[in-house]
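If you read the sequence from its start, that first residue is 1, and numbering goes on from there.
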Amino acid sequence: MKVLIIEDEKTLAYEVAAFLRKAFYVCDMAHTFKDALEMLGINQYDFILIDLGLPDGDGLKIVEQTKKTNPEAACIILTARGNLEDKVIGLDLGADDYLAKPFYLLELQSRMQAVARRKFNITEDLLTLGEFNIDLQKRLVIHPQAKIELSKKEFDLLSYLLLNKNRVLTRIQLSEHIWGTFADDDYDSNYIDAHIKNIRKKLNVFGTTDWLETVRGVGYRIKNK
């Protein structure tokens, strides 16, 4: 999923980004209040990690703004402020969780996974698509006859569509969530279609993929099956 890390301590921001990228998150960073607002104005995110003590503004205002412009994003406040008032205000504004500094990166990941489960209404790691089971933790596609190997990008694409089941996602939306801000060297505008074709080809050996629908001129959707 796509994450915006709003943190003025650059060393910490880079540490968090490096850790989350290893866990297959796509990460952007903003180190000031101004930069954060600009990025939120042009990008959609699944997670926003917000430091309250920014040098040019209050992170609580970003929480409030985010709920207006990117309401589907999950917000987790990361801050050295320990007083109860800030925590209550942040949660009242719509933040999904609050993690005090210093924190362990594994705890942050655990909090994000818990928020994602609530956001996408996931009750277990193994999700079913027709004849296939998708293991989100182990990143596997399982059929009664075999475990099917997908590339990293293919699995990222399939799992993101699955988390947004019954919702049409445009090629631009999918590209932003798989390639971030298009800065990766392997990004190409035709890659979404190519990856969908490869996913279907690999899975059709074992079963049908009529649950993976092409919405002509728009993008793709996984339908209830």
Original post:
Does the pair Ile199 and Phe155 meet the rule for a side-chain contact (heavy atoms from CB on, under 4.5 Å), with working shown?
Top reply: CA-CA 8 Å; Ile199 291 169; Phe155 191 88; over 6 Å; no

Original post:
Would Arg200 and Thr214 satisfy side chain to side chain donor-acceptor pair (under 3.5 Å), going step by step from the backbone distance to the final call?
Top reply: CA-CA 11 Å; Arg200 285 174 170 151; Thr214 300; 3.0 Å; yes

**OP:** Starting from the C-alpha separation in whole Å, work towards a yes-or-no answer on side-chain contact (heavy atoms from CB on, under 4.5 Å) for Ile77 and Leu49.
**Re:** CA-CA 6 Å; Ile77 293 173; Leu49 308 181; over 6 Å; no

**OP:** I would like to know whether Phe33 and Leu37 meet side-chain contact (heavy atoms from CB on, under 4.5 Å); could you show each step before the answer?
**Re:** CA-CA 6 Å; Phe33 183 91; Leu37 289 183; 3.2 Å; yes

Original post:
Given Leu162 and Leu129, is the side-chain contact (heavy atoms from CB on, under 4.5 Å) satisfied, shown in steps?
Top reply: CA-CA 9 Å; Leu162 178 57; Leu129 276 176; 3.9 Å; yes

Original post:
Hey, mind stepping through Lys202 and Glu154 against salt bridge (charged side-chain N to carboxylate O under 4.0 Å, His left out) and telling me if it holds?
Top reply: CA-CA 10 Å; Lys202 291 178 180 180; Glu154 289 166 359; 2.8 Å; yes

**OP:** Take Glu72 and Arg167 through the salt bridge (charged side-chain N to carboxylate O under 4.0 Å, His left out) test and state the conclusion after the steps.
**Re:** CA-CA 13 Å; Glu72 294 185 356; Arg167 177 186 173 194; 3.1 Å; yes

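At least one donor-acceptor pair closer than 3.5 Å links the side chain of Lys67 to the backbone N or O of Ala73. A distance-only check finds a donor-acceptor pair linking the side chain of Thr170 to the backbone of Gln173 [under 3.5 Å]. Between the Arg21 side chain and the Val26 main chain, no donor and acceptor come within less than 3.5 Å of each other.
The minimum heavy-atom distance between Ile192 and Leu157, with the atom names listed, is O-CD2, 4.1 Å. Nearest heavy atoms, Cys27 versus Leu20: SG-CB, 3.7 Å. Of all heavy-atom pairs between Ala36 and Ile62, the closest is CB-CD1, 3.8 Å. Of all heavy-atom pairs spanning Phe206 and Glu131, the tightest one is O-OE1, 3.7 Å. The heavy-atom pair separating Asp8 from Leu54 by the smallest distance is N-CD2, 4.1 Å. Considering all non-hydrogen atoms of both residues, Leu4 and Ala30 come closest at CD1-N, 4.2 Å.
Arg171 has its side chain within reach of Asp193: a pair of non-hydrogen atoms, C-beta onward, lies under 4.5 Å apart. Side chains of Ile142 and Phe132 form no contact here, defined as non-hydrogen atoms less than 4.5 Å apart. Looking only at side-chain heavy atoms (C-beta outward), Leu105 and Val16 come within less than 4.5 Å of each other. For the pair Arg139/Asp156, a side-chain contact is recorded, criterion being any heavy-atom separation below 4.5 Å from C-beta on. Residues Tyr220 and Leu174 have side chains in contact (heavy-atom distance under 4.5 Å, counting atoms from C-beta outward). Counting only heavy atoms from C-beta outward, the side chains of Leu78 and Leu108 approach each other to under 4.5 Å. Residues Met29 and Tyr14 have side chains in contact (heavy-atom distance under 4.5 Å, counting atoms from C-beta outward). When side chains are defined from C-beta on, Leu169 counts as touching Tyr160, because their heavy atoms get closer than 4.5 Å.
Counting non-hydrogen atoms of other residues, nucleotides and ligands closer than 6.0 Å to NZ of Lys61 gives a total of 12 or fewer. At most 12 non-hydrogen atoms from other residues, nucleotides or ligands lie less than 6.0 angstrom from NZ of Lys10.
Taking CZ from Phe24 and NZ from Lys152, the interatomic distance works out to 6.5 Å, rounded to the nearest 0.5 Å. Between Asp35 atom CG and Ile6 atom CD1 the span is 10.0 Å, to the nearest 0.5 Å. Of the inter-residue distances, the one linking Leu60 atom CG with Gln65 atom CD reads 13.5 Å to the nearest 0.5 angstrom. Separation of atoms NZ (Lys147) and CG (Asn133) is listed at 11.5 Å; rounding is to 0.5 Å. The CG atom of Leu127 lies 7.5 Å from the CG atom of Leu163; values are rounded to the nearest 0.5 Å. For the atom pair OH (Tyr191) and NZ (Lys153), the distance works out to 10.0 Å, reported to the nearest 0.5 Å.
Ion pairing of Arg111 with Asp97 is present here, as a side-chain N (NZ or NE/NH1/NH2) and a carboxylate O approach within less than 4.0 Å.
Under a hydrophobic-cluster definition in which Ile, Leu, Val, Met, Phe, Trp and Tyr are linked whenever side-chain heavy atoms come within less than 4.5 Å, directly or via other members, Leu212 and Val215 are assigned to different clusters. The hydrophobic cluster containing Leu106 also contains Ile5, counting ILVMFWY residues as joined when their side-chain heavy atoms lie under 4.5 angstrom apart, directly or transitively. One hydrophobic cluster holds both Phe19 and Phe103 under the rule that ILVMFWY side chains link at heavy-atom gaps under 4.5 Å. Connection of Val205 to Ile196 is established within a shared hydrophobic cluster, with ILVMFWY side chains joined at heavy-atom distances below 4.5 Å, either directly or through further cluster members.
The closest side-chain donor-acceptor pair between Tyr45 and Asn43 falls under 3.5 angstrom. No hydrogens or angles considered: nothing links the side chains of Tyr25 and Asp46 as a donor-acceptor pair under 3.5 Å.
Partner of Glu9 under the side-chain contact (heavy atoms from CB on, under 4.5 Å) criterion, chosen from Lys101, His31, Glu15: Lys101.
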